[in-house]
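Heavy-atom basis, side chains included; hydrogens, waters and symmetry copies ignored.
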Amino acid sequence: QIQSALGKTVGSPSASNSTGSTACTYPATNGRKSDSVIITFRSNVTPAQAAAEEAALEKSHATVTPISVTGGQAFSFTTTSGTETVTGLVTVVGESQLSIASTATLGQTESLAQEIFSSLSSKAASSTTGPAA
């Protein structure tokens with residue numbers, strides 16, 4: 001999915017888990033650390049927490065732009081790391097937050113976020129529907 005949506009060839013992820021969140025770092029296979037992709041999932045996220053995260057990114061000199069989404073809230077950010085521009089997308093639907101950061105374009109990142117949310121919702125629907133009693 002990452003290669004298809006972002007045009008990035010990445011290796012197997014390393015995961016970092018904490019209470020309520022999981023961050024997966026997909027290392028770039030070209031050896032350029034800046035081409036790695038980081039995808040983070042958080043649960044039980046309130047609108048206030050999402051707003052605080054947005055404010056913190058603005059304070060760290062990132063350019064933050066609100067994005068209109070159906071059934072949730074989202075914003076994108078760009079920041080410079082060395083000579084590379086990193087684009088991020090943070091989307092909250094219900095209480096689930098998905099964050100993606102990479103050097104891909106915002107359009108590519110939005111496409112990957114839609115694929116991930118679609119995959120998650122179809123898996124949730126299939127795991128909650130069982131055979132009729």
Side-chain angles (χ1 to χ4, degrees):
Q1 281 181 312
I2 290 173
Q3 184 170 3
S4 173
L6 303 183
K8 306 279 182 195
T9 305
V10 295
S12 297
S14 62
S16 173
N17 295 304
S18 65
T19 304
S21 72
T22 299
C24 299
T25 301
Y26 295 82
T29 58
N30 65 8
R32 293 180 53 187
K33 195 169 189 165
S34 62
D35 283 333
S36 296
V37 177
I38 301 170
I39 300 175
T40 305
F41 301 93
R42 283 181 42 205
S43 59
N44 303 316
V45 176
T46 66
Q49 288 170 315
E53 184 173 309
E54 184 175 350
L57 279 167
E58 285 179 313
K59 278 187 172 181
S60 71
H61 308 290
T63 302
V64 177
T65 306
I67 297 175
S68 176
V69 295
T70 303
Q73 64 188 75
F75 63 89
S76 66
F77 65 90
T78 56
T79 189
T80 304
S81 177
T83 60
E84 300 290 335
T85 298
V86 175
T87 299
L89 176 65
V90 179
T91 306
V92 180
V93 175
E95 293 182 341
S96 298
Q97 181 183 57
L98 169 67
S99 304
I100 303 171
S102 75
T103 55
T105 67
L106 179 57
Q108 291 170 312
T109 305
E110 287 175 335
S111 176
L112 180 59
Q114 289 173 352
E115 286 182 37
I116 292 170
F117 271 117
S118 177
S119 175
L120 290 174
S121 66
S122 68
K123 286 180 182 175
S126 67
S127 68
T128 58
T129 57

Does [X] reach the side chain of [Y], with side-chain heavy atoms less than 4.5 Å apart?
| X | Y | value |
| --- | --- | --- |
| S60 | L57 | yes |
| I2 | L112 | yes |
| E54 | V90 | no |
| K8 | Q108 | no |
| E110 | I67 | yes |

Is there a path from [X] to [Y] through hydrophobic residues (I, L, V, M, F, W, Y) whose side chains come within less than 4.5 Å of each other?
| X | Y | answer |
| --- | --- | --- |
| V93 | I39 | yes |
| I100 | F117 | yes |
| F75 | V69 | no |

Inset, instruction - Give a yes or no on whether the backbone of L106 and the side-chain of T87 come within a donor-acceptor separation of less than 3.5 Å. - result: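 Looks like no, no N/O pair under 3.5 Å.
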To the nearest 0.5 angstrom, please state how far the [atom1] atom of [X] sits from the [atom2] atom of [Y].
| X | Y | atom1 | atom2 | result |
| --- | --- | --- | --- | --- |
| L98 | T40 | CG | OG1 | 8.5 Å |
| Q3 | Y26 | CD | OH | 13.5 Å |
| T103 | D35 | OG1 | CG | 4.0 Å |
| S16 | I38 | OG | CD1 | 10.5 Å |

Distance-minimising heavy-atom pair for [X] and [Y]:
| X | Y | answer |
| --- | --- | --- |
| T29 | G11 | CG2-N, 3.6 Å |
| A104 | L6 | CB-CD2, 3.7 Å |
| P13 | P27 | CA-CD, 4.5 Å |
| Q49 | T46 | OE1-N, 2.8 Å |
| F77 | L89 | CE2-N, 4.2 Å |

Inset, instruction - Let me see the working for Q97 and E53 under side chain to side chain contact (heavy atoms under 4.5 Å, CB included), right down to the final yes or no. - result: CA-CA 11 Å; Q97 181 183 57; E53 184 173 309; 3.5 Å; yes
